Student: 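Sharing a structure below in structure tokens format, with a few things to ask.
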Amino acid sequence: MELLWQRPRRKTLVDWPEDVDTRLDVLVRAAAAAGEQTSRSQVLAALVTAAEVRPAVVAELLHSYRQMPAGALEADNTREDLPSVRSPGRTRGRK
């Protein structure tokens, strides 16, 4: 049986706030805490495939994101209960 995650890949450039990028790293750490060996791209793909394809739901997600205050995601950045995870390949630069 062919699995979706093993299908041909497509690179996608994502331009988003650094806080959102850091949040993705926190989600990878949370997956590692649950015993999963994963990557940023797999976490993103899992979130996209889990999203409901209902216009009102997508609109509400967008509205919530656009109204989120700066610093809203900072609390999870220092969670000591999550393991640190080193991504393979080049290290992304932080400003």
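One is the number of the first residue; the rest follow in order along the sequence. These numbers come from a predicted model, not from an experiment.
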Student: Tell me which pairs pass salt bridge (charged side-chain N to carboxylate O under 4.0 Å, His left out) where either residue lies in residues 43-52, with sequence neighbours left out.
Tutor: Glu52-Arg54
Student: Just to verify, what does Asp76 make a side chain to side chain donor-acceptor pair (under 3.5 Å) with, not counting sequence neighbours?
Tutor: Arg23
Student: Per the side-chain contact (heavy atoms from CB on, under 4.5 Å) rule, which among Val26, Val48, Thr38 passes with Val43?
Tutor: Thr38
Student: Which residues pass the side-chain contact (heavy atoms from CB on, under 4.5 Å) test with Val53, sequence neighbours left out?
Tutor: none
Student: Can Glu74 and Thr22 be said to form a side chain to side chain contact (heavy atoms under 4.5 Å, CB included), step by step?
Tutor: CA-CA 9 Å; Glu74 288 180 12; Thr22 300; over 6 Å; no
Student: Go through the structure and list residues passing salt bridge (charged side-chain N to carboxylate O under 4.0 Å, His left out) with Arg7, not counting sequence neighbours.
Tutor: Glu2
Student: Can you measure from OG (Ser41) to CZ (Arg10) and round to the nearest 0.5 angstrom?
Tutor: 14.5 Å
Student: Can you give me every donor-acceptor pair (side chain of residues 58-66, partner residue at least two apart or in another chain, under 3.5 Å) with its distance?
Tutor:
from  : atom 1 : to    : atom 2 : distance (Å)
Glu60 : OE2    : Ser64 : OG     : 3.4
Ser64 : OG     : Glu60 : O      : 3.1

Student: Would you indicate whether Gln37, at its atom CD, is surrounded by more than 12 heavy atoms from other residues, nucleotides or ligands within a distance under 6.0 Å?
Tutor: no
Student: For Ala72, give me all partners under side-chain contact (heavy atoms from CB on, under 4.5 Å), at least two apart in sequence or on another chain.
Tutor: Met68, Pro69
Student: Once side-chain contact (heavy atoms from CB on, under 4.5 Å) is applied, do any residues pair with Trp5, and if so which ones, sequence neighbours excluded?
Tutor: Leu3, Gln42
Student: Suppose we screen for side-chain contact (heavy atoms from CB on, under 4.5 Å). Which residues come up paired with Leu44, at least two apart in sequence or across chains?
Tutor: Trp16, Leu24
Student: Considering only Ile, Leu, Val, Met, Phe, Trp and Tyr, and joining two whenever side-chain heavy atoms are under 4.5 Å apart, list the other residues clustered with Leu13.
Tutor: none
Student: Would you tabulate the side-chain donor-acceptor contacts of residues 27-35 under 3.5 Å, counting partners in other chains and residues two or more places apart, or write 'none'?
Tutor:
from  : atom 1 : to    : atom 2 : distance (Å)
Arg29 : NE     : Pro83 : O      : 2.9
Arg29 : NH2    : Arg79 : O      : 2.7
Arg29 : NH2    : Leu82 : O      : 3.0

